[in-house]
Amino acid sequence: MLEEDRDLTLNEASEILGISRALVVQRMEVGDLPFRYVGLNRHCLLRDVLSLRDKIGVQQRAMDEMAKILEELIDKHELF
């Protein structure tokens, strides 16, 4: 089995993503992170967690860039 095919628990996914268990569950519920039940516990694949982490990173960089542009516009036009 490849390392990326390894099953992760909710706690492990939370640690890798740097978000709370509740937010991991929310991501699972909205379909951002595929999962399956093992008994009563949710499990996901490492590759899916890494993919979501990359997606979150891209979104964060885009939001940072938008915030920078907004600050420049505010300063340029002396808003606020």
Side-chain angles (χ1 to χ4, degrees):
M1 174 179 8
L2 296 173
E3 177 70 12
E4 288 187 340
D5 291 332
R6 186 167 68 90
D7 249 5
L8 296 179
T9 65
L10 202 52
N11 284 337
E12 292 169 324
S14 172
E15 289 176 21
I16 291 170
L17 294 171
I19 61 177
S20 70
R21 288 170 36 103
L23 287 176
V24 173
V25 169
Q26 181 184 28
R27 291 291 189 141
M28 290 173 165
E29 293 294 326
V30 299
D32 289 342
L33 182 59
F35 71 97
R36 66 185 180 92
Y37 281 102
V38 177
L40 298 175
N41 301 309
R42 297 170 193 248
H43 282 237
C44 52
L45 295 177
L46 175 59
R47 74 166 156 252
D48 293 329
V49 173
L50 295 176
S51 177
L52 178 58
R53 184 183 67 181
D54 292 345
K55 180 180 173 182
I56 291 170
V58 167
Q59 291 171 338
Q60 186 60 53
R61 287 188 294 279
M63 289 186 339
D64 291 345
E65 184 63 25
M66 288 172 48
K68 179 181 170 187
I69 291 169
L70 180 58
E71 287 177 13
E72 290 170 358
L73 286 171
I74 288 170
D75 288 344
K76 180 179 179 181
H77 298 285
E78 296 179 3
L79 303 172
F80 300 106

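Positions are given from 1, in the same order as the sequence printed here.
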- line: By salt bridge (Lys or Arg N to Asp or Glu O under 4.0 Å), Arg53 pairs with (sequence neighbours left out) none

field: Qualifying residues under salt bridge (Lys or Arg N to Asp or Glu O under 4.0 Å), relative to Glu29, sequence neighbours excluded
entry: Arg42

statement: Besides Leu40, the hydrophobic cluster formed by Ile, Leu, Val, Met, Phe, Trp and Tyr side chains linked at under 4.5 Å, directly or via other members, contains none

Other ILVMFWY residues reachable from Met63 by side-chain steps of under 4.5 Å: none

Using distance only, find each side-chain donor-acceptor pair of residues 72-80 under 3.5 Å and give its atom names and separation, not counting sequence neighbours.
none

query: Which ILVMFWY residues can you reach from Val38 by hopping between side chains whose heavy atoms are under 4.5 Å apart?
result: none

Shortest non-hydrogen contact between Cys44 and Ala13, atoms and distance: SG-CB, 3.9 Å

field: ILVMFWY cluster membership beyond Leu8 - transitive side-chain contacts under 4.5 angstrom
entry: Leu10, Ile16, Leu17, Ile19, Leu23, Val24, Val25, Met28, Leu33, Phe35, Tyr37, Leu46, Val49, Leu50, Leu52, Ile56

- request: State, to 0.1 Å, how close Glu4 and Leu45 come at their nearest heavy-atom pair, and which atoms those are.
  value: O-CB, 4.2 Å

field: ring pair (Phe, Tyr, Trp, His ring centres under 6.0 Å) partners of residues 52-71, not counting sequence neighbours, each pair once
entry: none

task: Using the test side chain to side chain donor-acceptor pair (under 3.5 Å), find all partners of Asn11 that sit at least two apart in sequence or belong to another chain.
output: Arg21

query: Sequence neighbours excluded, which residues qualify as side chain to side chain donor-acceptor pair (under 3.5 Å) partners of Gln60?
result: Asp64

message: Between Glu3 and Arg6 (salt bridge meaning N to carboxylate O under 4.0 Å), is one present in this structure?
response: yes

query: Does Arg61 have any salt bridge (Lys or Arg N to Asp or Glu O under 4.0 Å) partners at least two apart in sequence or in another chain, and if so, which?
result: none

task: May I have all residue pairs that pass ring pair (Phe, Tyr, Trp, His ring centres under 6.0 Å) and include part of residues 45-72, sequence neighbours excluded?
output: none

